[in-house]
*Asks:* 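Below is a structure I'd like to ask you about.
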Amino acid sequence: MAHRALRAVAAAVLAGSVMTACTTEPASTGSTGGTGKGSSDGKLVLGFAQVGAESGWRTANTKSVRDAAEKAGITLKFSDAQQKQENQIKAIRTFIQQKVDVIAFSPVVESGWDTVLKEAKNAGIPVILTDRAVDSKDTSLYQTFLGSDFVKEGEEAGKWLVKEYEKSSDTVNVVELQGTTGSAPANDRKAGFADAIKGDPKFKVVASQTGDFTRAKGKEVMQAFLKSHEDIDVLYAHNDDMALGAIQAIEEAGKKPGTDIKVISVDGIKDAFVAMKDKKINVVVECNPLLGDQLMELVKKVAAGESVPRRVEVEEGVFTQDQAEAALPGRQY
């Protein structure tokens with residue numbers, strides 16, 4: 001009991017300084033009946049290091065985590081890394097210093113995490129990966145991954161394209177807007193899409209470049225694509241925000257998105273469903289950001305020392321223009 005009390009006091013002294021090492025926003029809190037070592041009042045404490053706020057999807061993801069923590073009675077210490085790996089590493093180290101019960105984070109990129117994850121392991125703090133994976137060979141450094149199958153999402157996008165042009169023998173020129181370089185969704189959505197279309201030589205990816213998952217960058221890169229390639233048939237965007245930015249560029253170039261250039265996107269935010277209803281996006285492969293409730297259940301289990309699956313996936317679908325109007329009212333993000 002004395003040891004636990006000392007740890008609680010130490011955590012209380014450190015409270016409020018969680019993000020002094022990097023640019024962040026203040027930690028949010030909730031209430032719980034847990035017995036966390038990271039809180040002076042015995043509450044279960046989760047340190048969550050978010051990628052940033054680069055898209056509508058990410059904003060919905062953050063809200064889901066915040067709301068679910070409050071509902072579950074878990075104290076949440078939150079960090080916004082602003083898409084910088086060094087900020088996430090600093091945040092995780094601060095969480096370790098604070099002796100939180102569990103650390104969860106969505107890695108900015110896949111590589112470069114072993115050192116800080118070993119520090120968490122040595123401190124006896126379990127780690128949960130959310131939304132994005134890491135490429136560490138030592139899988140003991142984290143308890144589980146919660147999120148989507150990005151390879152499958154890329155495959156679904158490619159399958160739609162193959163079916164759409166199954167009766168055509170003409171060359172189909174595709175441009176690709178990739179996500180953040182080195183990130184799991186960018187790597188996997190690219191690989192899955194390439195695998196799905198590789199069996200038909202008429203599909204040619206004539207340009208592929210990162211748009212950093214942002215609307216502004218998506219527009220900028222699409223403008224460059226349009227200047228370099230006059231015969232673009234299809235745009236494949238790794239997320240909706242880039243697709244929506246690209247649609248602006250397509251329209252400004254005097255072309256009709258969804259008709260002159262077919263648009264395939266991934267995520268499923270409301271704005272994308274509006275664009276589908278307006279026939280500007282042809283298909284959206286869903287990537288569900290509402291992971292909060294599942295995350296809190298996993299947090300409780302790993303904090304209690306219970307075993308959890310190595311991978312927990314969310315349910316997702318594929319939506320086309322004929323489904324957009326009916327599905328739109330039910331979109332929560």
*Asks:* So with a 6.0 Å cut-off around CD of Glu251, is the heavy-atom count from everything else above 12?
*Replies:*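 Buried by this count: over 12 neighbours within 6.0 Å.
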*Asks:* Can you list everything that forms a side-chain contact (heavy atoms from CB on, under 4.5 Å) with Lys301? Sequence neighbours excluded, please.
*Replies:*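 side-chain contact (heavy atoms from CB on, under 4.5 Å) check on Lys301 returns Glu306, Val308.
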*Asks:* Can you name the residues that form a side-chain hydrogen bond (donor to acceptor under 3.5 Å, both in side chains) with Glu325, not counting sequence neighbours?
*Replies:*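 side-chain hydrogen bond (donor to acceptor under 3.5 Å, both in side chains) list for Glu325, sorted by chain: empty.
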*Asks:* Would you call the rings of Tyr236 and Phe193 parallel, tilted or perpendicular, where under 30° means parallel and over 60° means perpendicular?
*Replies:*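 Ring orientation of Tyr236 relative to Phe193: parallel.
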*Asks:* Once salt bridge (Lys or Arg N to Asp or Glu O under 4.0 Å) is applied, what residue pairs with a partner in residues 226-250 remain, sequence neighbours excluded?
*Replies:*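 Listed once each, the pairs are Arg215-Asp241.
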*Asks:* Mind checking what makes side-chain contact (heavy atoms from CB on, under 4.5 Å) contact with Ala186, not counting sequence neighbours?
*Replies:*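 side-chain contact (heavy atoms from CB on, under 4.5 Å) list for Ala186, sorted by chain: Ser183, His238.
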*Asks:* Quick one: do Asp260 and Lys256 satisfy salt bridge (charged side-chain N to carboxylate O under 4.0 Å, His left out)? Show the steps, please.
*Replies:* CA-CA 5 Å; Asp260 297 330; Lys256 191 172 181 181; over 6 Å; no
*Asks:* A quick test of your reading: do over 12 heavy atoms of other residues, nucleotides or ligands sit less than 6.0 Å from NZ of Lys255?
*Replies:*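 Not more than 12 within 6.0 Å, no.
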*Asks:* Between Thr210 and Val221, which heavy-atom pair has the shortest distance, and what is it?
*Replies:*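 Shortest heavy-atom contact: O-CG2, 3.5 Å.
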*Asks:* Determine, stepwise, if the pair Lys202 / Asp200 fulfils salt bridge (charged side-chain N to carboxylate O under 4.0 Å, His left out).
*Replies:* CA-CA 6 Å; Lys202 71 170 172 276; Asp200 193 331; 2.6 Å; yes
*Asks:* If you take all heavy atoms of Gly47 and Phe95, which pair is closest and at what distance?
*Replies:*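 Looking at all heavy atoms of both residues, the shortest contact is C-CE1, 3.5 Å.
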*Asks:* Compare every heavy atom of Ser64 with every heavy atom of Gly292, then report the nearest pair and how far apart it is.
*Replies:*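 Heavy atoms of Gly292 and Ser64 come nearest at N-OG, 2.8 Å.
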*Asks:* Would Arg310 and Tyr142 count as a cation-pi pair here, with the cationic atom under 6.0 angstrom from the ring centre and within 45° of the axis?
*Replies:*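 Yes, a cation-pi geometry holds between Arg310 and Tyr142.
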*Asks:* With salt bridge (Lys or Arg N to Asp or Glu O under 4.0 Å) as the rule and sequence neighbours excluded, what pairs involving residues 281-299 come up?
*Replies:*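 Non-adjacent pairs meeting salt bridge (Lys or Arg N to Asp or Glu O under 4.0 Å): Lys71-Asp293, Glu286-Arg331.
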*Asks:* Check side-chain hydrogen bond (donor to acceptor under 3.5 Å, both in side chains) between Asp267 and all other residues, then give those that pass, not counting sequence neighbours.
*Replies:*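 Result, side-chain hydrogen bond (donor to acceptor under 3.5 Å, both in side chains) vs Asp267: none returned.
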*Asks:* Does the cation-pi check pass for Arg58 over Phe213, that is, NZ or CZ under 6.0 Å from the six-membered ring centre and within 45° of its axis?
*Replies:*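 So Arg58 doesn't make the cation-pi contact.
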